[in-house]
Amino acid sequence: MLALSIAQQKTSPEELQCRVELAACHRLLAHFGIEDLTYNHISARIPDQPDHLLIKPDDFLFRETTASSMWKYKLDGTPVGPDTGPMMETVKTIHAAVLEARPEIGCVMHTHTPANIAVASQKCGLLPISQHSVIFHNRVAYHDFKGFELEKGMRNALLDDLGDKNVVIMRNHGALVIAPTIAEAFLKHHFLEFACRAQVAALAGGTELIIPDEDTAEFAAAQMEKYKLTENGGKDWAACLRLADKLDASYRL
């Protein structure tokens, strides 16, 4: 185990765990090719400080984040700590807005990948054509593109479209995945990314698709919920943390 930084030594055990897992999540996404320079973000609510969130600095890549480098804010946008810069407008519009509106949510993950942008740009939306995609059958919200999410007034439209769903396909933009924990958000994002990649590949094949009927797709989605296969990262999160340590354990600093 790497030594704790001075900043980490002054945090609660709950915040420290949150920082470590959030940094690991960033590193793992970068490892799996989920990175759009500095423009994607993952935020996490601090468990013992539910009106505070952690998020990477504005100019950091996913691959260079560490536990102690995370910026801390109150949900109203107030920076906490002398080295924390002003909260970005996109963080206010998306991350802080969702965490404030949905108190049961602990992690908000917003990404742009070639695959999820492609599906977000397809009129049909996410099709139930793979095991990965049926997980989200009837469980995805859609949010139309009205410009970059930089304006304060845009947060209400996003929240209205989100409703009680945990996944949003942001038209012509990307994807938003939220969950009670960082681990669950990571796993659901993984499944969504695979679903989008599979859809792009299948449509590129130029042949007729096999689409399960409504009852089958709904049954499969309900199975995922019944057996709680993504809850708190399922059986995958511990393995992913081991991978993060093997790749570069400095994320814990």
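- Taking the six-membered ring for Trp and thresholds of 30 and 60 degrees, His190 and Phe194 have ring planes inclined between 30 and 60 degrees apart.
- When hydrophobic side chains of Ile, Leu, Val, Met, Phe, Trp and Tyr are connected at separations under 4.5 Å, Phe219 ends up as a singleton with no cluster partners.
- Closest heavy-atom contact between Arg139 and Ala221: NH1-CB, 3.3 Å.
- Closest non-hydrogen pair, Cys107 versus Ala185, comes out as SG-CB, 3.7 Å.
- Here the CD-CG distance, from Glu21 to Leu16, works out to 10.5 Å after rounding to the nearest 0.5 Å.
- In the hydrophobic clustering, Phe145 connects to no other residue, as no ILVMFWY side-chain heavy atoms lie under 4.5 Å from its own.
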Using side chain to side chain contact (heavy atoms under 4.5 Å, CB included), reason through Val177 and Leu192 one step at a time and then give a plain yes or no. CA-CA 9 Å; Val177 177; Leu192 180 64; 3.8 Å; yes
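- Taking SG of Cys240 as the reference point, atom NZ of Lys235 lies at 10.0 Å (rounded to 0.5 Å).
- By the side chain to side chain contact (heavy atoms under 4.5 Å, CB included) test, Asp76 is found to be paired with Lys74, Thr78, residues two or more places apart in sequence or in another chain being considered.
- For residues 155-177, the pairs satisfying salt bridge (Lys or Arg N to Asp or Glu O under 4.0 Å) are Glu100-Arg155, with sequence neighbours left out.
- Listed here is the closest heavy atom pair of Ala30 and Glu35: CB-OE1, 3.9 Å.
- Partners of Arg197 according to the side-chain hydrogen bond (donor to acceptor under 3.5 Å, both in side chains) rule, which considers only residues two or more places apart in sequence or in another chain, are Glu193.
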Using the rule given for side chain to side chain contact (heavy atoms under 4.5 Å, CB included), can you reason through Lys188 versus Asn166, listing the C-alpha separation, both sets of side-chain angles and the distance that settles it, and then say yes or no? CA-CA 9 Å; Lys188 285 186 174 179; Asn166 290 340; 4.2 Å; yes
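- Residues passing the side chain to side chain contact (heavy atoms under 4.5 Å, CB included) test with Asp36 are Tyr39, Asn40, His112, sequence neighbours excluded.
- In this structure, the side chain of Glu14 does not engage the main chain of Pro47 through any donor-acceptor pair within 3.5 Å.
- The shortest side-chain heavy-atom distance between Leu126 and Gln199 falls under the 4.5 Å cut-off.
- For the pair Thr38/Phe62, no side-chain contact is recorded, criterion being any heavy-atom separation below 4.5 Å from C-beta on.
- Distance check: Met109 CE to His26 NE2 gives 8.0 Å after rounding to the nearest 0.5 Å.
- Leu29 and Val108 fall into different hydrophobic clusters, where Ile, Leu, Val, Met, Phe, Trp and Tyr are joined by side-chain heavy atoms under 4.5 Å apart, directly or via other members.
- No side-chain heavy atom of Ile42 sits less than 4.5 Å from a side-chain heavy atom of Lys56.
- Residues passing the side-chain hydrogen bond (donor to acceptor under 3.5 Å, both in side chains) test with Asn156, sequence neighbours excluded: none.
- Environment of CD1 in Ile210: sparse, with no more than 12 heavy atoms of neighbouring residues, nucleotides or ligands closer than 6.0 Å.
- For Leu54, the side chain to side chain contact (heavy atoms under 4.5 Å, CB included) partners two or more places apart in sequence, or in a different chain, are Glu15, Cys18, Arg19, Leu22, Ile46, Met70, Lys72.
- Counting only heavy atoms from C-beta outward, the side chains of Pro212 and His137 never approach each other to under 4.5 Å.
- The closest side-chain heavy-atom distance from Ser69 to Phe60 is below 4.5 Å.
- Each of Val134 and Tyr227 belongs to its own hydrophobic cluster when Ile, Leu, Val, Met, Phe, Trp and Tyr are linked at side-chain heavy-atom distances under 4.5 angstrom.
- Leu159 and Ala101 make their closest contact through CD2-CB, 3.8 Å (heavy atoms, listed as atom of the first residue, atom of the second, distance).
- Glu149 and His110 form no side-chain donor-acceptor contact under 3.5 Å, judged by distance and modelled atom types alone.
- Taking hydrophobic clusters as Ile, Leu, Val, Met, Phe, Trp and Tyr residues chained together by side-chain heavy-atom distances below 4.5 Å, Leu127 does not share a cluster with Ile117.
- Under the 3.5 Å distance criterion, the side-chain polar atoms of Arg102 are left unmatched by any main-chain donor or acceptor of Ile178.
- Looking at Thr111 and His189, their side chains do bring a donor and an acceptor atom within 3.5 Å of each other.
- Phe186 meets the ring pair (Phe, Tyr, Trp, His ring centres under 6.0 Å) test with Trp237; sequence neighbours excluded.
- At a threshold of 4.0 Å, the pair Arg63-Asp248 does not count as salt-bridged, since none of the basic side-chain nitrogens sits closer than that to a carboxylate oxygen.
- Scanning both residues, Gly174 and Ala120, for their nearest heavy atoms gives O-CB, 4.0 Å.
- With a 6.0 Å radius and a threshold of 12 heavy atoms from other residues, nucleotides or ligands, Gln131 has its CD atom at or below the threshold.
- For the atom pair CG of Leu253 and OG1 of Thr65, the computed distance is 11.5 Å after rounding to the nearest 0.5 Å.
- Clustering ILVMFWY residues whenever any of their side-chain heavy atoms sit less than 4.5 angstrom apart, transitively, puts Leu176 in the very cluster that holds Ile55.
- Salt-bridge annotation for Lys152 and Glu89: absent, with no side-chain N of the basic residue lying under 4.0 Å from a carboxylate O of the acidic one.
- The backbone N or O of Ile129 lies less than 3.5 Å from a partner atom in the side chain of Ser133, making a donor-acceptor pair.
- With sequence neighbours excluded, the residues satisfying side-chain hydrogen bond (donor to acceptor under 3.5 Å, both in side chains) with Asp48 are Ser12.
- For the pair Pro180 and Glu184, the minimum side-chain heavy-atom distance is below 4.5 Å.
- Looking only at side-chain heavy atoms (C-beta outward), Thr90 and His95 stay at 4.5 Å or farther from each other.
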Please walk me through it: do Trp71 and Asp58 pass side chain to side chain contact (heavy atoms under 4.5 Å, CB included)? CA-CA 9 Å; Trp71 281 355; Asp58 301 345; 3.6 Å; yes
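- When all heavy atoms of Leu241 and Ala24 are compared, the pair lying nearest together is CD2-CB, 3.6 Å.
- No donor-acceptor distance shorter than 3.5 angstrom exists from the side chain of Tyr73 to the backbone of Val91, with no hydrogens or angles considered.
- For the pair Cys25/Leu28, no side-chain contact is recorded, criterion being any heavy-atom separation below 4.5 Å from C-beta on.
- One distance of note links CG of Leu203 with SG of Cys124; it measures 6.0 Å at 0.5 Å rounding.
- Listed by chain and residue number, nothing satisfies the side-chain hydrogen bond (donor to acceptor under 3.5 Å, both in side chains) test with Asp83 (two or more places apart in sequence, or in another chain).
- Glu231 contributes atom CD, which lies 8.0 Å from atom OG1 of Thr181 (distance to the nearest 0.5 angstrom).
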Using the rule given for side chain to side chain contact (heavy atoms under 4.5 Å, CB included), can you reason through Arg27 versus Glu64, listing the C-alpha separation, both sets of side-chain angles and the distance that settles it, and then say yes or no? CA-CA 7 Å; Arg27 295 291 188 95; Glu64 61 182 328; 5.7 Å; no
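- Criterion: ILVMFWY side-chain heavy atoms under 4.5 Å apart, direct or through other members. Under it, Phe191 and Ile169 are part of a common hydrophobic cluster.
- Shown here are the side chain to side chain contact (heavy atoms under 4.5 Å, CB included) partners of Arg45, two or more places apart in sequence or in another chain: Pro50, Leu75, Leu99.
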